[in-house]
J.: 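My questions all concern the structure below.
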Amino acid sequence: MNTQILLTSLKEQNINLDLLIEVLETQKRAIVQNDYTALEKALSSEQKILGRVEKEENTRLKIVKEIAGQFSVELKENSLDNLMKAFKTNPNINKHFSTGLAELEEVRSSIKEKLILLSRKNSQLKGLIEFSRSMIKETIMMLVGPNKRALVNKRV
């Protein structure tokens with residue numbers, strides 16, 4: 001049944017987000033430890049995971065559309081939120097999915113929490129990168145001297 005496929009897709013996305021959180025932590029450690037090789041590996045891993053995240057997102061949207069069509073539910077947008085609202089408000093649909101609905105809601109909630117965590121980690125990484133760039137710029141300016149300040153500002 002499509003709801004089982006949807007649940008499987010959401011669980012896979014949940015795993016992908018866990019992996020993404022780990023990779024962001026690895027990136028942070030690599031920047032702090034000045035380990036360029038580890039950073040490159042982490043960035044490569046991040047790209048692969050983001051590809052899987054996008055694939056699962058497309059799969060999820062397709063499944064949501066199929067489920068909505070199966071039950072003749074008009075959704076303003078093919079989103080899981082809209083489908084969940086339709087599940088809860090339509091008694092005919094709700095009786096078919098009463099057991100799976102709780103599990104869908106649980107996985108969806110877990111994904112939301114991980115997205116909030118990812119947002120925080122991205123903000124931390126952004127700050128760390130900005131600090132690193134500033135340190136690199138200051139170091140270069142100390143090395144080249146005050147006469148080349150304009151050149152450094154353009155290049156960094």
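Everything quoted here is computed from the prediction, not taken from an experiment.
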J.: Mind checking whether I116 and I111 sit in one hydrophobic cluster, side chains of I, L, V, M, F, W, Y counted as touching below 4.5 Å?
T.: no

J.: Which residues satisfy the salt bridge (Lys or Arg N to Asp or Glu O under 4.0 Å) test with D35, sequence neighbours excluded?
T.: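 So D35 forms no salt bridge (Lys or Arg N to Asp or Glu O under 4.0 Å) with any residue.
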
J.: With a cut-off of 6.0 Å (strictly less than), are more than 12 heavy atoms of other residues, nucleotides or ligands near NZ of K121?
T.: yes

J.: Please answer whether the main-chain N or O of L128 pairs with a side-chain N or O of S132 as donor and acceptor at a distance below 3.5 Å.
T.: yes

J.: Ignoring hydrogens and angles, tell me if any N or O in the side chain of S123 forms a donor-acceptor pair with the backbone of S119 under 3.5 Å.
T.: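 Yes, the answer is positive, given that a donor and an acceptor are paired below the 3.5 Å cut-off.
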
J.: Which atom pair, heavy atoms only, marks the closest approach of L75 to A86?
T.: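 For L75 versus A86, the nearest heavy atoms are CD2-CB, 4.4 Å.
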
J.: Going from CG on L19 to CD on E46, what distance comes out if it is rounded to the nearest 0.5 angstrom?
T.: 12.0 Å

J.: For a quick check under 3.5 Å, do K114 and N14 share a side-chain donor-acceptor pair by atom type?
T.: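 Looking only at side-chain atoms, N14 and K114 do form a donor-acceptor pair, the distance falling under 3.5 Å.
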
J.: For the atom pair CD (Q13) and CG (N16), what is the distance rounded to the nearest 0.5 Å?
T.: 5.0 Å

J.: How long is the straight-line distance from CD of E106 back to CG of L10, given to the nearest 0.5 Å?
T.: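 Here the interatomic distance stands at 11.5 Å.
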
J.: Side chain to side chain contact (heavy atoms under 4.5 Å, CB included), that's the test. Do V23 and Q27 meet it? Break it down for me.
T.: CA-CA 6 Å; V23 165; Q27 287 178 10; 3.8 Å; yes

J.: To the nearest 0.5 Å, tell me how far L80 CG sits from L104 CG.
T.: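 One finds 7.0 Å between CG of L80 and CG of L104.
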
J.: In chain order, what residues pass the side-chain hydrogen bond (donor to acceptor under 3.5 Å, both in side chains) check against K11, with sequence neighbours excluded?
T.: E103

J.: Could you pull out all residues at least two apart from E105 that satisfy salt bridge (Lys or Arg N to Asp or Glu O under 4.0 Å)?
T.: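 Scan of E105 (salt bridge (Lys or Arg N to Asp or Glu O under 4.0 Å), adjacent residues dropped) gives K88, R108.
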
J.: Looking only at atom types and distance, does a side-chain atom of S44 sit under 3.5 Å from a main-chain N or O of E40, one as donor and one as acceptor?
T.: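 Not a single qualifying donor-acceptor pair exists.
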
J.: What is the distance from atom CD1 of I63 to atom CG of L7, rounded to the nearest 0.5 Å?
T.: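 So the gap between those two atoms works out to 10.0 Å.
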
J.: Taking atom CD of E130 as the centre, does the number of heavy atoms from other residues, nucleotides or ligands within less than 6.0 Å exceed 12?
T.: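 Counting other residues, nucleotides and ligands, CD of E130 exceeds 12 neighbours.
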
J.: Determine whether a donor-acceptor pair (N or O, by modelled atom type, separation under 3.5 Å) exists between the side chain of S9 and the backbone of I5.
T.: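 Here the side-chain-to-backbone pair does not exist.
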
J.: When clusters are formed from ILVMFWY side-chain contacts under 4.5 Å, directly or step by step, what else is grouped with M135?
T.: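 Grouped by the 4.5 Å side-chain rule, F131 form the rest of the cluster around M135.
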
J.: Who pairs with E66 by side-chain contact (heavy atoms from CB on, under 4.5 Å), at least two apart in sequence or on another chain?
T.: N2, K62

J.: Keeping T89 on the side-chain end and K85 on the backbone end, is there a donor-acceptor pair under 3.5 Å?
T.: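 Flag set: sc T89 to bb K85 pair under 3.5 Å.
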
J.: Would you check if the side chain of N82 reaches a backbone N or O of E77 as a donor-acceptor pair within less than 3.5 Å?
T.: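 Indeed, once roles are kept as given, a pair shorter than 3.5 Å links the two residues.
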
J.: Does L61 have any side-chain contact (heavy atoms from CB on, under 4.5 Å) partners at least two apart in sequence or in another chain, and if so, which?
T.: E57

J.: What is the minimum heavy-atom distance between L125 and L24, and which atoms define it?
T.: CD1-O, 3.4 Å

J.: To the nearest 0.5 Å, what is the distance between CG (L117) and CG (N122)?
T.: 10.0 Å

J.: For the pair R133 and I136, evaluate side chain to side chain contact (heavy atoms under 4.5 Å, CB included) and give the outcome as yes or no after the intermediate values.
T.: CA-CA 5 Å; R133 289 181 64 198; I136 292 167; 5.6 Å; no

